[in-house]
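Reviewing the structure listed below.
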Amino acid sequence: MGTVVNAANKEEANRSLADLNPTVVFVLGGPGSGKGTQCANIVQHFGFTHLSAGDLLRAEIKSGSENGTMISNMIKEGKIVPSEVTIKLLQKAMLESGNDKFLIDGFPRNEENRSAFEAVTKVEPSFVLFFDCSEEEMERRLLSRNQGREDDNIETIRKRFKVFLESSLPVIEYYNSKGKVRKIDAGRPVEEVYESVKAIFAPKDEKIDAGRPVEEVFELENEKAD
Ligand SMILES: Nc1ncnc2c1ncn2[C@@H]1O[C@H](COP(=O)(O)OP(=O)(O)OP(=O)(O)O)[C@@H](O)[C@H]1O
Ligand SMILES: Nc1ccn([C@H]2C[C@H](O)[C@@H](COP(=O)(O)O)O2)c(=O)n1
């Protein structure tokens, strides 16, 4: 009976998310490339809800859930948690947010994450923001992040870099082949990086928000100017 109820709940969540028809931007880049930092800026100016897959997994550990130990062990090893777990957390957070515009940070991290998310939610990202940064700079940032994260030590950082190259870059390449990647030089100071981020969101945001063809948006802007 429990299994039947769970399956019904899952289907309900999938349907609700598809009905919401959300705008989703995936935010990808190596560990320490500045994804979280820039998402905080985007939220302030463009009305998105920021959902960090890593933060949701860390909250799940803290909540004492039955998956907590497994998630904690995988994070310490720099490994990627099975998609089913992460997608369930993302779905729940999206449905509870009351918003329909999401920055999904640190997801999809591998091909399994990507294909499972699209299959389960039927949601495709509007585009993918890719923070491109050298390992040297990312390592420097992570070692001075000072947030008490168990994975911000040199041994785990090296493992996370390896997983990024082997599993996450192919996802970015997949979206690049579909013309969906917006690449940002993330090795610069925070404010400079945000200038580039803003340039990507400002015109697109109007288009997405209005849900109208771009010609119509421009007509209205011209009317305002008259
Ligand atoms: N452009 C930047 N220049 C210098 N330091 C930065 C820059 N962007 C972020 N930082 C700092 O680097 C550290 C990592 O940034 P942040 O947490 O945003 O990265 P992230 O990509 O979200 O990392 P992770 O994937 O590990 O969660 C933080 O201490 C942050 O303050
Ligand atoms: N899709 C994801 C995102 C994150 N994780 C795990 C593994 C990561 O090393 C860790 C920290 O993520 P971050 O906060 O750096 O984005 O969380 C995962 O398994 N799957």
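We count ligands from 1, going down the list as the structure has it; atoms in each ligand are counted the same way.
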>> Apply ring-ring contact (aromatic ring centres under 6.0 Å, His included) to residues F107 and F117 and explain how you reach the verdict.
In response: CA-CA 9 Å; F107 186 97; F117 184 84; 5.5 Å; yes
Short question: side chain of S63, backbone of E60 - any donor-acceptor pair under 3.5 Å?
yes
(message) Using a strict threshold of under 4.0 Å (side-chain N to carboxylate O), is an ion pair present between K92 and E96?
(response) yes
query: Would you say S168's side chain and R109's backbone share a donor-acceptor pair under 3.5 angstrom?
result: yes
Near G54 (heavy-atom distance under 4.0 Å), the atoms of ligand 2 are 12 (O), 14 (O)
In this structure, atom 19 (O) of ligand 2 is nearest to the protein heavy atom V81 N, 2.6 Å
Residue, atom and distance of the protein heavy atom nearest atom 10 (C) of ligand 2 read I75 CG1, 3.9 Å
One finds that the ligand 2 atoms under 4.0 Å from a non-hydrogen atom of K79 are 7 (C), 19 (O)
shortest atom 8 (C) of ligand 2-to-protein heavy-atom contact is with R109 NH2, 3.5 Å
Cation-pi between R114 and Y174: NZ/CZ under 6.0 Å from ring centre and within 45° of the ring axis?
yes
By chain and number, the residues contacting ligand 1 below 4.0 angstrom (heavy atoms only) are G30, P31, G32, S33, G34, K35, G36, T37, R141, L142, R145, R149, R160, R188, P189, V190
TODO: Assess M74 for proximity to ligand 2: is some non-hydrogen atom of it under 4.0 Å away?
DONE: no
| query | Below 4.0 angstrom, N of the basic side chain to O of the carboxylate: do D152 and R160 qualify? | reply | yes
*Are V190 and I42 co-members of a hydrophobic cluster defined by side-chain heavy atoms under 4.5 Å apart?*
no
- Without swapping roles, check the side chain of K180 against the backbone of P125 for a donor-acceptor pair under 3.5 Å. yes
Could you check whether any side-chain N or O of T23 sits under 3.5 Å from a backbone N or O of K101, counting only pairs where one atom can act as donor and the other as acceptor? no
heavy-atom search around atom 14 (O) of ligand 2 in the protein gives R58 NH2, 2.9 Å
Can any side-chain N or O of S97 pair as donor or acceptor with the backbone N or O of M94 at less than 3.5 Å?
yes
Ligand 2 atoms nearer than 4.0 angstrom to some heavy atom of N113 are 1 (N)
Does ligand 2 have an atom under 4.0 Å from some heavy atom of R149?
yes
among protein heavy atoms, the one nearest atom 3 (C) of ligand 2 is G106 O, 3.2 Å
Inset, instruction - Kindly say whether the aromatic ring centers of F48 and F201 come within a distance under 6.0 Å. - result: yes
Within the 4.0 Å heavy-atom cut-off, what V163 brings close to ligand 2 is neither
Here the atoms of ligand 2 under 4.0 Å from any heavy atom belonging to F107 are 1 (N)
Logged contact type for D151 with ligand 2, heavy-atom cut-off 4.0 Å, is side chain
Atom 5 (N) of ligand 2 has as its nearest protein heavy atom L57 CD1, 3.4 Å
Item checked: Cationic N near anionic O, under 4.0 Å, E166 to K162 -> yes
Practice prompt. Say whether, by atom type as modelled, one donor and one acceptor occur between the side chain of S115 and the main chain of E111 under 3.5 angstrom.
Written response: yes
